[in-house]
Q: 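The structure is given below, and queries will be raised subsequently.
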Amino acid sequence: MTPRIETFPATTLVGKKLTTSFANDKTFELWQSFSPRKKEIKHSLNDDLYSVEIYPNTSFFQNFNPNQAFEKWAAIAVSEIDEIPKGMQSLTIPEGLYAVFPYQGKPSEAMETFRYIYSDWLPNSEYEMDDRPYFALMGAKYKGEHPESEEEFWVPIK
């Protein structure tokens, strides 16, 4: 699995965030609270969904501890911010280089792909993880827990 290397432009998102960990995963709770309200967000660029993770440091996966907390976002991209719905916030992902890994399958079964990215591909590549946000981009072919669901994992690199 070879990723494409792409420069992601600075992008502003609006959505909901919470603190979670892999051991106490609150992703379902986050999306359950965000999804019914996403239409309240003004100036959305498209229907793509962003599942963003902000890790406390770039060695998060090298020194992996499933109880270590990180910030998780459910969001959409916007062209401007003039009003943010109550209970939501904005986040700007800065421009930068990303390794983009296409994924097809159930999101709940993606752990092997993550293991490959962080344990095999990244240490053996010419890149190292950068401290910008990681995100999964879920576009028109995303179908939730369907085995033919498609999304992309964007890993910040330098």
Side-chain angles (χ1 to χ4, degrees), residues 1-55 60-61 64 66 69-81 84-85 87-122 127 129-157:
M1 175 186 324
T2 303
R4 72 180 190 271
I5 306 301
E6 189 169 320
T7 299
F8 185 77
T11 301
T12 301
L13 307 176
V14 171
K16 295 188 82 172
K17 71 174 182 174
L18 52 70
T19 299
T20 190
S21 70
F22 286 100
N24 184 26
D25 188 6
K26 297 178 183 174
T27 300
F28 180 77
E29 171 188 322
L30 175 64
W31 282 97
Q32 193 173 36
S33 70
F34 173 73
S35 293
R37 298 191 57 212
K38 67 184 177 192
K39 296 293 183 201
E40 296 175 33
I41 300 170
K42 295 182 174 157
H43 310 293
S44 62
L45 292 175
N46 51 45
D47 291 332
D48 292 349
L49 301 172
Y50 288 76
S51 180
V52 181
E53 294 171 1
I54 301 174
Y55 301 113
F60 184 88
F61 288 101
F64 185 70
F70 60 91
E71 190 174 286
K72 179 94 173 186
W73 286 75
I76 60 173
V78 296
S79 58
E80 64 179 86
I81 300 175
I84 297 175
M88 294 190 197
Q89 295 174 290
S90 67
L91 170 71
T92 298
I93 298 176
E95 178 179 315
L97 202 59
Y98 279 82
V100 184
F101 294 84
Y103 175 75
Q104 181 175 349
K106 295 179 179 181
S108 63
E109 296 175 355
M111 191 52 73
E112 191 57 41
T113 301
F114 295 129
R115 195 171 291 121
Y116 167 77
I117 293 168
Y118 294 106
S119 298
D120 190 10
W121 182 82
L122 193 56
Y127 304 100
M129 192 162 170
D130 200 0
D131 62 358
R132 288 172 286 109
Y134 156 89
F135 61 93
L137 182 57
M138 299 165 290
K141 295 182 180 181
Y142 182 75
K143 301 173 186 173
E145 281 297 307
H146 192 282
E148 294 177 12
S149 183
E150 294 181 30
E151 61 188 296
E152 293 180 330
F153 302 138
W154 290 65
V155 178
I157 55 173

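Only this structure's heavy atoms are used, side chains among them; waters, hydrogens and symmetry mates stay out.
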Q: Taking only residues two or more places apart in sequence or in another chain, which ones pass salt bridge (charged side-chain N to carboxylate O under 4.0 Å, His left out) with E40?
A: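 Partners of E40 by the salt bridge (charged side-chain N to carboxylate O under 4.0 Å, His left out) criterion, ordered by chain and then number, come out as R37.
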Q: If you look at every heavy atom in S44 and I76, which pair is closest and at what distance?
A: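 Closest heavy-atom pair between S44 and I76: CB-CD1, 3.6 Å.
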Q: Measure the spacing between CD of Q32 and OG1 of T27 and express it to the nearest 0.5 Å.
A: 12.0 Å
Q: Do L122 and I157 have side-chain heavy atoms sitting under 4.5 Å apart?
A: yes
Q: Find out whether V155 and Y127 are in side-chain contact, i.e. whether some heavy atom of one side chain is under 4.5 Å from a heavy atom of the other.
A: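 Not touching, per the 4.5 Å side-chain cut-off.
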Q: When the side chains of residues 5-18 are checked against the rest of the protein, which donor-acceptor pairs come out under 3.5 Å, sequence neighbours left out?
A:
| from | atom 1 | to | atom 2 | distance (Å) |
| --- | --- | --- | --- | --- |
| E6 | OE1 | R4 | NE | 2.7 |
| E6 | OE1 | R4 | NH2 | 3.3 |
| T11 | OG1 | P9 | O | 2.8 |
| T12 | OG1 | T92 | OG1 | 3.4 |
| K16 | NZ | S33 | OG | 3.4 |

Q: Kindly write out the residues that satisfy salt bridge (charged side-chain N to carboxylate O under 4.0 Å, His left out) with D48, not counting sequence neighbours, or none if the list is empty.
A: none
Q: With a 4.5 Å limit on heavy-atom distance, are the side chains of K38 and F34 in contact?
A: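 In contact.
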Q: Provide the closest heavy-atom pair for F153 versus A136 in the form atom of the first, atom of the second, distance.
A: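 Residues F153 and A136, closest heavy atoms: CD2-CB, 3.9 Å.
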Q: Taking atom CD1 of I54 and atom CD1 of I93, what is their separation to the nearest 0.5 Å?
A: 8.0 Å
Q: Applying salt bridge (charged side-chain N to carboxylate O under 4.0 Å, His left out), name anything that partners K42, two or more places apart in sequence or on another chain.
A: E83
Q: With rounding to the nearest 0.5 Å, note down the distance linking CD in E109 to OH in Y103.
A: 6.0 Å
Q: Got a second to check how far M138's CE is from Y50's OH, nearest 0.5 Å?
A: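 Those atoms lie 10.0 Å apart.
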Q: Taking all atoms of both residues into account, what is the closest heavy-atom pair of S90 and I81, and its distance?
A: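 Heavy atoms only, the tightest pair is CB-CD1, 3.3 Å.
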Q: Please identify each residue that fulfils side-chain hydrogen bond (donor to acceptor under 3.5 Å, both in side chains) with D120, with sequence neighbours left out.
A: N124
Q: Residues in salt bridge (charged side-chain N to carboxylate O under 4.0 Å, His left out) with K72, at least two apart?
A: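 Only E53 meet the salt bridge (charged side-chain N to carboxylate O under 4.0 Å, His left out) criterion with K72.
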Q: Calculate, to the nearest 0.5 Å, the distance between atoms OG1 and CE belonging to T113 and M111 respectively.
A: 10.0 Å
Q: Testing F70, Y55, F22 one by one against F64 for a ring pair (Phe, Tyr, Trp, His ring centres under 6.0 Å), which residue passes?
A: F22
Q: Could you state the interatomic distance from CD (Q104) to OG (S149), rounded to the nearest 0.5 Å?
A: 8.0 Å
Q: Is the backbone N or O of K26 less than 3.5 Å from a side-chain atom of T20, with the two atoms forming a donor-acceptor pair by type?
A: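 Looks like yes, one N/O pair under 3.5 Å.
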Q: Test F135 against W73 for side-chain contact (heavy atoms from CB on, under 4.5 Å), laying out the working first.
A: CA-CA 9 Å; F135 61 93; W73 286 75; over 6 Å; no
Q: Looking at K141, I'd like to know if its NZ atom is crowded, meaning that more than 12 non-hydrogen atoms belonging to other residues, nucleotides or ligands lie closer than 6.0 Å.
A: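 No.
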Q: Measure centre to centre between the rings of F60 and Y118, then say whether the value is under 6.0 Å.
A: no
Q: Where is the tightest heavy-atom contact between P156 and P133, given as atom of each residue plus distance?
A: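 The answer is CG-O, 3.8 Å.
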Q: Does E148, at its CD atom, have more than 12 non-hydrogen atoms belonging to other residues, nucleotides or ligands within less than 6.0 Å?
A: no
Q: Are M1 and F101 packed together at the side-chain level, in the sense that at least one heavy-atom pair is separated by less than 4.5 angstrom?
A: yes
Q: Find out whether S79 and L45 are in side-chain contact, i.e. whether some heavy atom of one side chain is under 4.5 Å from a heavy atom of the other.
A: yes
